[in-house]
*Asks:* 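Here you go, one structure.
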Amino acid sequence: MRVAGDWLNAPNTTALLSALGSPADTVLFVGGCVRNAVLGHRVADIDLATPMVPEEVMQRARDAGLWAIPTGLAHGTVTIVAGNARFEVTTFRKDIETDGRRAVVAFSTDIRDDAQRRDFSMNAIYAEPDGTIVDPLDGRFDLFARYVRFVGDPIDRIVEDYLRILRFFRIIAWYADARHGIDPAGLAACGALREGIGQIARERVGAEMRKLLSAPDPRAALAAMAASGVLNAVVPGAKAEPAQAVVALEKRLGVAPSWLRRLTAMGCDDPAEALKLPRAQNEALQAGKKALAKAERPAARAFRYGAEAARTAILIEATQGIDPPDDWQAQIARGAAATFPISGHDLVDKIGAGPALGKRLDAMRNDWIASDFALTREALLSGR
């Protein structure tokens, strides 16, 4: 069996393989790129594995005129830049010692050693430079079934890196076939070890949750997270059902998914802190919450808080039995594009600078919004 795709023969990939040597025993594709190619998903990041030690990988890359970055030499990882693409090349390895966050590894020349330390069977599949599948653990059968299973004992894999708990649910959200259910041993291990998530940097936890909630349909993954206690270990106070309802509504209406909308629907205590969201994402989250708390027409919400915040509020309300007007999407577009026709310069000569000016502007803006943006500049200035 072979995988195929433009990524295999892209000039940057070809340049990398040429630099490292392309025989199958020298370098192989591995992980997500192989998984996605088999499933027909878009291939983004391309990772490779090799029995060569990192120093040899770097030397070969540099001899070919490529930029080699010692990203993680202790773990065998080198980043190679070919053209405008970055590739991670990692030496076959096996874990010697782990503490749930970091691992001490030993390099190996045996592909089975490398496969057995990977997280899930569908990620432990390799491909030769021509696309020929190399599958030392028979992970292809789980991949074809879209069944997410840890490599070996789930507890052993999780104790090596507690972030794998979240990766388990994220991979389910993106790749699992819900008809086959969720691996009970993996789910039980995630629930039993969920407190270990507290050892992981919240930025990494937040990144995993963002990817999970961005999946087209993460409902099964969210239900499993909630049932196992993992969801509340990650985001205290979060509830899966409201987010699941939003996902169903998005699919029914053909609205593009929004991970922030789904997170907002969960009713979390403080998701921005729990997930260490960057400022821009936190501001977008807060805007959605404010729009949800303000019972106004869609256009007014879009003007005050932005189109996406208004969309979030309308869709969450719709799952709660508050039906939006038929033209809600047009209203949002109109409100987001509206421009208040008055500025402080129009009033400063009459009122003067200071708090009174701000209060007057706010009052006029509210009147204008209440008129559905119908009041003209002249009417507002004249007080009509």
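Below, all heavy atoms of this structure are taken into account, side chains as well, without hydrogens, waters or symmetry copies. Position 1 is the first residue of the sequence; numbering continues from there.
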*Asks:* Can D114 and R118 be counted as an ion pair, charged N to O under 4.0 angstrom?
*Replies:*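 So D114 pairs with R118 through a salt bridge.
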*Asks:* How is the hydrophobic cluster of V246 composed, in terms of its other members, when Ile, Leu, Val, Met, Phe, Trp and Tyr link through side-chain heavy atoms under 4.5 Å apart, directly or indirectly?
*Replies:*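 Its cluster partners, ordered by chain and number, are L292, I316.
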*Asks:* Look at the side-chain heavy atoms of Ile, Leu, Val, Met, Phe, Trp and Tyr, link any pair under 4.5 Å apart, and say whether F141 and I111 land in one connected group.
*Replies:*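 Result: no, two separate clusters.
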*Asks:* Looking at D362 and K359, is any side-chain nitrogen of the basic one under 4.0 Å from a carboxylate oxygen of the acidic one?
*Replies:*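 Looking at K359 and D362, the cut-off is not met.
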*Asks:* Is any NZ, NE, NH1 or NH2 atom of the basic residue among D177 and R179 found under 4.0 Å from an Asp or Glu carboxylate oxygen of the other?
*Replies:*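 Between R179 and D177 there is a salt bridge, with a charged N closer than 4.0 Å to a carboxylate O.
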*Asks:* Has D270 got more than 12 heavy atoms of other residues, nucleotides or ligands less than 6.0 Å from its CG?
*Replies:*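 Above 12, so yes.
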*Asks:* For F92 versus A49, what's the shortest heavy-atom pair and its separation?
*Replies:*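 What the structure gives for the nearest pair is CE2-CB, 3.6 Å.
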*Asks:* Linking I/L/V/M/F/W/Y whenever their side-chain heavy atoms sit closer than 4.5 Å, directly or via other members, would L381 and I369 fall into one cluster?
*Replies:*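 L381 clusters together with I369.
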*Asks:* For T13 and F29, work out which heavy atoms get closest and say how close.
*Replies:*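 That closest heavy-atom pairing would be CG2-CZ, 3.7 Å.
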*Asks:* Between E56 and R60, does the salt bridge (charged side-chain N to carboxylate O under 4.0 Å, His left out) criterion hold? Intermediate values first, please.
*Replies:* CA-CA 6 Å; E56 183 178 356; R60 290 194 182 196; 2.9 Å; yes
*Asks:* Do the ring centers of F120 and F150 come within less than 6.0 Å of each other?
*Replies:*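 Yes.
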*Asks:* Closest approach of H180 and Y147, non-hydrogen atoms and distance?
*Replies:*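 Scanning both residues, the minimum pair turns out to be O-CE1, 3.6 Å.
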*Asks:* For the CG atom on D327, are there more than 12 heavy atoms of other groups (residues, nucleotides or ligands in this structure) within a distance under 6.0 Å?
*Replies:*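 Enclosed.
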*Asks:* Within the 3.5 Å criterion, strictly below it, is a donor on R93 or S108 matched to an acceptor on the partner's side chain?
*Replies:*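 No pair is found: no donor N or O on one side chain lies under 3.5 Å from an acceptor on the other.
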*Asks:* Taking R261 first and then E308, would you say they form a salt bridge - that is, a charged N and a carboxylate O separated by under 4.0 Å?
*Replies:*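 A salt bridge is present here (some side-chain N lies under 4.0 Å from a carboxylate O).
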